[in-house]
Every structure is written in structure tokens, then in C-alpha cells.
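In what follows, chains are A, B, ... by sequence order, proteins preceding strands, each numbered from 1.
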Protein chains: 2
Amino acid sequence: MATGRTHRPATRSRGIPEATVARLPLYLRALTALSERSVPTVSSEELAAAAGVNSAKLRKDFSYLGSYGTRGVGYDVEYLVYQISRELGLTQDWPVVIVGIGNLGAALAGYGGFASRGFRVAALIDADPAMTGRPVAGIPVQHSDDLERIIEQDGVSIGVIATPAGVAQQVCDRLVAAGVTSILNFAPTVLSVPDGVDVRKVDLSIELQILAFHEQRKAGEDTGADGDAEHTPAVVPPAPRGAAGTGGRKGPDGDVPAVMPA
Amino acid sequence: MATGRTHRPATRSRGIPEATVARLPLYLRALTALSERSVPTVSSEELAAAAGVNSAKLRKDFSYLGSYGTRGVGYDVEYLVYQISRELGLTQDWPVVIVGIGNLGAALAGYGGFASRGFRVAALIDADPAMTGRPVAGIPVQHSDDLERIIEQDGVSIGVIATPAGVAQQVCDRLVAAGVTSILNFAPTVLSVPDGVDVRKVDLSIELQILAFHEQRKAGEDTGADGDAEHTPAVVPPAPRGAAGTGGRKGPDGDVPAVMPA
DNA sequence: CCATCTTTGTGCACGCGTTCACAAAGACAT
DNA sequence: ATGTCTTTGTGAACGCGTGCACAAAGATGG
Ligand SMILES: NC(=O)c1ccc[n+]([C@@H]2O[C@H](COP(=O)([O-])OP(=O)(O)OC[C@H]3O[C@@H](n4cnc5c(N)ncnc54)[C@H](O)[C@@H]3O)[C@@H](O)[C@H]2O)c1
Ligand SMILES: NC(=O)c1ccc[n+]([C@@H]2O[C@H](COP(=O)([O-])OP(=O)(O)OC[C@H]3O[C@@H](n4cnc5c(N)ncnc54)[C@H](O)[C@@H]3O)[C@@H](O)[C@H]2O)c1
């Protein structure tokens with residue numbers, strides 16, 4: 001998932017529920033695939049299956065956009081692709097800057113799916129002087145000293161942060177001050193931004209921890225021991241399939257010893 | 001039809017709400033930072049600010065775990081770190097395999113935050129024979145022919161898919177058949193899995209499109225006109241019945257329906 | 001022991017999102 | 001035109017998540 005921070009400007013955004021907006025790209029992807037196969041129309045049932053959602057939900061989602069279907073037939077694929085693209089703002093070009101061209105930033109820079117939908121990598125920015133001028137994915141890296149100039153010059157309104165967590169807030173502040181109003185944050189930090197700026201985060205660590213929670217729960221049910229263990233501490237839960245005995249992991253993030261208070 | 005998608009296990013009796021589970025890693029991160037600064041206790045107000053959430057929400061979240069606070073004082077940092085870690089299943093070791101060691105997979109393999117919380121990269125798997133044996137982030141890449149053996153041997157229950165979208169479902173099927181029950185998918189595809197298997201996806205493209213939607217909305221407020229007369233909607237079909245009468249979707253701002261293709 | 005102050009834990013109300021179920025709309029055949 | 005069949009669009013019910021507001025719990029001080 002990856003959600004942004006608190007999202008409630010009190011002013012209802014546009015009639016379209018946030019949950020619906022989050023699914024539109026999903027529909028768009030499925031529709032694009034149908035379009036490439038020259039499928040003329042599609043029913044809500046078929047499209048819903050392709051997008052992995054409930055058909056009633058899909059119909060309600062589309063009802064927020066308007067009545068674009070034909071009863072008894074379904075939806076016109078090409079037409080719907082256009083309508084959703086327009087609604088999402090993909091009919092225009094969105095220049096994007098990526099800040100922090102390390103392992104992740106470099107991978108993002110070369111990501112094909114980036115440019116596929118109106119998103120254009122306008123610039124790659126890094127603080128390391130050694131990287132300045134070096135081409136990554138065909139785009140020369142620019143020094144962060146020029147960050148403000150680049151953003152204003154190219155009219156960039158979307159920024160991607162792929163720097164270490166320690167400097168993410170600082171980078172964010174500079175981006176916002178220079179005019180960026182949408183930020184996609186890959187650094188594991190909570191960013192503070194003024195009103196009117198949207199932040200969405202992608203946090204691998206959080207996703208894994210959520211998976212671990214459910215994984216543990218599944219394992220707990222199998223052993224039948226204490227399915228709903230409640231809060232009765234003391235011992236660690238039974239290890240599921242092949243969980244190696246904590247062979248002294250303790251990552252660089254510095255895990256904590258875990259001590260019970262008196 | 002195992003259209004199985006992610007979806008909630010419906011947290012039956014005495015379960016922790018999914019929304020709460022998703023925030024626990026956030027609290028844990030903030031608490032870990034406090035722990036490293038040797039802060040003994042923290043109030044819900046302070047911790048909520050650090051995690052970027054509402055304090056009432058935080059207290060309610062913690063109430064699902066039990067009564068771990070002390071009224072008039074706050075929460076014991078070390079104790080909470082332990083409790084949340086335990087609840088999330090981070091007190092045990094989780095071996096993880098990454099399939100598809102391309103640009104993204106390689107970045108993930110070298111990600112420090114991966115190993116920081118009990119997640120251990122057990123293996124890197126790729127279908128390209130040229131990569132087999134080559135070390136990435138210090139770990140030798142193994143060929144996908146050995147996928148099943150690796151998973152069973154190491155008791156891996158969490159898999160990360162970073163392959164091209166076209167083969168993601170196929171890779172997913174093999175992972176699941178071999179015993180993996182939690183999948184983190186980076187490929188832009190909807191994965192079908194049987195019940196009991198959790199899938200979470202990280203989709204950069206979707207995040208950007210959501211940002212673009214809001215960005216367009218912000219821009220639309222400034223400039224009164226809709227800006228793009230490119231597609232020229234020639235004919236304006238009658239507004240779908242009840243735009244104003246029956247239930248009024250849409251806001252007061254009159255949207256311009258485009259032409260329906262023949 | 002009592003008073004006061006701080007902060008938790010939670011009952012409650014509200015709004016959003018999901019899902020069901022069905023009338024209405026249109027296609028198509030006769 | 002009429003009837004049948006398919007599929008949309010949506011009213012309504014429901015459940016989940018959020019945030020308010022406050023009583024209770026415990027610390028602290030006299
Ligand atoms: N690698 C992953 O798979 C992964 C996954 C999830 C999250 N993340 C997060 O993404 C971020 C980047 O990860 P990474 O592996 O690419 O790290 P990295 O160290 O390889 O790259 C960080 C880059 O940021 C640059 N940088 C540092 N300070 C900067 C500044 N002030 N302005 C501009 N650039 C600056 C550095 O020069 C470096 O090139 C980290 O916060 C990490 O936690 C990484
Ligand atoms: N690069 C990014 O920033 C980024 C961002 C979001 C999503 N993605 C998605 O992540 C996936 C990987 O992206 P990438 O840029 O690393 O692509 P890539 O082409 O660099 O890497 C793909 C790797 O998968 C391997 N592979 C192919 N088929 C395989 C199979 N059947 N089994 C095992 N390995 C197989 C290939 O050998 C290759 O090494 C893609 O689906 C992409 O859309 C990438």
C-alpha cells in the first residue's frame with residue numbers, strides 16, 4: 001500500500017472518494033491491456049476480475065466519474081481509458097525529479113513504467129560531487145546545489161525522495177520551498193509538510209512487518225496452542241516453518257534488547 | 001476460481017484491526033529512535049507526534065495490545081518496543097527470498113533496512129544463467145531452477161517478487177507451491193493466490209498516478225479553465241439522468257462530458 | 001490520608017467505504 | 001411495437017476506522 005500522511009483538508013476533494021482514486025490506476029492498467037488486444041467493450045464483471053476487485057465496487061467507482069457504460073453491453077474500452085486518464089491527469093506531461101541516486105534511486109531512474117504514463121524524469125539529483133555529470137539510465141546526474149534552479153526551470157511539481165532517512169526531511173523542505181507540491185518518499189521517515197503538499201510513502205520495511213504479523217498468526221493457528229494468545233507475555237511464540245533460531249541477527253538498524261520493566 | 005487477492009482475513013474474534021497492524025511498524029520505528037536516545041518513557045501525545053498520527057488513535061491502537069501504559073506517566077519505551085515487536089512477530093527470524101535480481105532486486109538485496117528487523121535475505125534467485133553464482137550485495141545469485149529446493153530447505157515463508165510483470169504470476173505460483181505464504185510484489189500485476197496466502201504490492205506507478213490526480217486538482221483550482229482543448233469534445237450528450245435530481249453526485253462544478261465513441 | 005494533577009483507556013457518535021440487491025436502461029429478437 | 005435478456009447505476013444497509021470527550025487510574029505533594 002503505502003499511504004501518505006494525514007489527509008483531511010476538510011474540503012472534500014472533488015466528489016471522487018480517495019479509495020476510488022487509488023483504484024483508478026488499477027482499472028486503467030487492466031483496460032490498457034484490453035485495448036492492446038483490441039477488445040472493444042468489457043463488462044464490469046470481466047474488468048473487475050482483471051483488476052482484482054469486486055464488480056459492484058467497480059461500478060460504484062465508475063459512477064463517480066459519470067455514466068460511461070451501456071446497459072446490456074458494458075463499457076467501451078477506449079473511451080474508458082481516455083476518461084480515466086483524463087480524470088487522473090495523465091493527459092498531460094508530469095516532469096519528475098528524483099533526489100538521491102543511490103541503489104534505489106538508480107533503479108527508479110531506469111524504470112520503464114515511469115515514463116509510460118506521462119511521467120518524465122526531468123532530472124536526477126544527488127549530493128555526492130563524484131556523481132555529478134555521470135549518466136544514470138542515460139540521464140546525467142546533477143548536483144543538489146542546483147535543485148532549486150532545476151525545479152523552477154522545468155516547472156517540476158512532483159519529487160521523489162530516495163536519499164538516506166537522515167536527510168529526507170531536509171531534502172523535502174528544499175523541494176517544497178522550490179515549488180514541489182507532491183512528494184513520493186522512499187526513505188523510512190515521517191515527513192512534515194505544509195498544507196497543500198501531498199506526501200505518499202513507499203516503505204518496504206513496513207510492508208514486510210505487516211506480512212510477518214499475518215505470517216505469525218497463520219503459524220499460531222496451526223500449532224493450535226494459543227490461537228488468540230491475548231496478552232500473556234513471557235515467552236516468544238512458537239516458530240513457524242523453519243524459522244531459524246535467532247542466529248544473532250541484529251541488523252545495522254540496531255535492534256533493541258527488549259527488556260521487561262519491573 | 002481462486003481469484004484470491006490480498007483482502008482481509010476478516011480478523012475474526014479478538015483480532016487486531018488491520019489499520020492498527022499497519023501502524024504498529026510506524027510506532028515501533030519511533031520507539032526505537034527514542035530507545036536509542038535512552039528515553040525511558042513517552043506520552044501518547046509525544047509518540048503520536050513522532051509517528052505522525054493522532055494521539056487518540058495511537059492510544060486506541062495500543063489498547064488492542066493491552067494496557068501497557070501508566071496513567072499520569074505514559075508508556076515505558078523499552079517495554080513497548082518489546083510488546084510491539086512480539087505482536088508483529090519480529091522476535092523471530094524471517095528468512096526471505098528475492099526473485100528477480102535486476103535493477104530493483106539488486107537494490108533490495110543491498111537494502112540495510114531489510115535485515116534490521118529480523119528479516120534475513122536467505123537467497124537471491126534469478127532466471128538468467130549469466131547471473132548465477134555472481135554475488136550481489138555479498139550474496140551469490142542462485143538459478144531459479146533451484147527455487148523449490150531453496151525454499152523448502154531454508155523454510156522460507158516470505159517471498160519478494162521483482163521480476164518483469166509478464167512472469168510474476170508464474171513465479172508467484174511456484175513460490176506458493178513450494179510453501180511460501182506471504183508475498184511482496186513489486187511487479188505491476190494483480191496476482192492470484194489461493195486462500196491463506198497474503199499478497200502485498202508496492203506499485204510505484206500507482207502512487208505517482210494518485211499524486212498526479214491531486215496535483216491536477218490543485219492546478220485546476222487556480223486556472224479556471226480546464227486547460228486542454230486538445231481532444232475537443234464536439235457533442236455533449238445529455239447529462240445522465242438525475243445529475244441534479246436523484247442523488248447528485250459530482251460537485252457544483254459542471255464537468256464536461258466528452259463524446260461517446262461510436 | 002486527602003487533594004490535585006497528569007495521562008491513559010474507552011464509550012460513543014459520525015463519516016467513509018464496501019457490499020447487496022434490484023429497478024431501470026438499453027440491446028436484440030420476433 | 002412488444003417482449004426478453006443482459007448489464008448498468010445506485011439506494012440502502014452495514015461494518016470499520018477515526019476522533020472527541022471524559023471518567024478512571026495512578027503519580028505527586030502536602
Ligand atoms: N535500496 C532499497 O531497496 C530500499 C528500499 C526501501 C527503502 N529504501 C530507502 O531509500 C533510501 C535510499 O536507499 P539506497 O539503498 O538507494 O541508499 P544509497 O545510500 O545507495 O543512496 C543514497 C543516495 O542519496 C545521496 N544523498 C545523500 N544525501 C543527499 C542529499 N542531501 N541530497 C541529495 N542526495 C543525497 C547519496 O549520495 C546516495 O547516492 C534510503 O532511505 C533507504 O532506507 C531503500
Ligand atoms: N526499477 C524500478 O524502480 C521499479 C519500480 C517499480 C516496479 N518495478 C517493477 O519491478 C520489476 C523489476 O524491475 P527491474 O527494473 O529490476 O527489471 P529488470 O529487468 O532490471 O530485472 C528483472 C530481473 O528478473 C529476472 N527474471 C526474469 N524472469 C525471471 C523468472 N522467471 N524467474 C526469476 N527471475 C526472472 C531477469 O533476469 C532480471 O534480472 C518489474 O516488474 C518492474 O515493473 C521496478
Side-chain angles (χ1 to χ4, degrees), chain A residues 1 3 5-24 27 40-49 51-76 79-80 83 231 261, chain B residues 5-13 15-24 27 40-49 51-76 79-80 83 237-250 257 260 262:
Chain A
M1 204 159 43
T3 10
R5 39 180 291 283
T6 26
H7 230 305
R8 202 96 317 235
T11 52
R12 46 96 194 277
S13 21
R14 164 67 155 82
I16 302 181
E18 191 61 28
T20 295
V21 172
R23 281 187 294 268
L24 290 182
Y27 302 144
T41 62
V42 64
S43 71
S44 64
E45 206 69 51
E46 294 168 324
L47 184 54
V53 302
N54 183 292
S55 70
K57 190 186 294 183
L58 178 142
R59 288 198 299 278
K60 177 138 292 193
D61 282 342
F62 285 174
S63 78
Y64 293 116
L65 308 182
S67 292
Y68 294 152
T70 303
R71 293 169 192 233
V73 176
Y75 299 90
D76 183 281
Y79 183 60
L80 207 44
Q83 287 300 338
H231 11 76
Chain B
R5 291 135 308 158
T6 316
H7 286 323
R8 26 219 61 175
T11 46
R12 45 167 183 69
S13 59
I16 299 178
E18 193 58 29
T20 294
V21 172
R23 281 189 293 267
L24 289 182
Y27 302 144
T41 62
V42 64
S43 71
S44 63
E45 206 69 51
E46 292 168 324
L47 185 55
V53 302
N54 182 293
S55 69
K57 190 186 294 180
L58 178 142
R59 288 198 300 275
K60 178 144 292 190
D61 283 340
F62 285 173
S63 77
Y64 293 114
L65 307 183
S67 293
Y68 293 153
T70 304
R71 294 169 192 233
V73 175
Y75 299 91
D76 183 282
Y79 185 58
L80 248 194
Q83 288 299 339
R241 180 198 64 78
T246 37
R249 43 167 210 70
K250 285 292 168 82
M260 185 76 174

Legend entry - Pairwise distance CG(A:Leu80) to CG(A:Leu24) - rounded to 0.5 angstrom: 9.5 Å
Inset, instruction - With the side chain counted from C-beta on, respond yes when A:Tyr68 and A:Tyr79 share a heavy-atom pair under 4.5 Å apart, and no when they do not. - result: yes
Inset, instruction - Check the distance between D:dC16's P and B:Lys57's NZ and give it to me in whole angstrom. - result: 17 Å
Inset, instruction - Would you check if the side chain of A:Thr70 reaches a backbone N or O of A:Val73 as a donor-acceptor pair within less than 3.5 Å? - result: no
Legend entry - d(CG, B:Leu58; C1', D:dG17) in whole Å: 15 Å
Inset, instruction - Report the distance from atom CG of A:Asn54 to atom P of C:dA21, rounded to the nearest whole Å. - result: 12 Å
Legend entry - Heavy-atom protein contacts under 4.0 Å, nucleotides 4-14 of chain C, coded B base, S sugar-phosphate only, - none: --BBBBBBB--
Legend entry - CD on A:Glu45 to CG on A:Asn54, rounded to 0.5 Å: 8.0 Å
Legend entry - CA sep, side-chain torsions, deciding dist, call: A:Asp61, A:Thr20, side-chain hydrogen bond (donor to acceptor under 3.5 Å, both in side chains): CA-CA 6 Å; A:Asp61 282 342; A:Thr20 295; 2.6 Å; yes
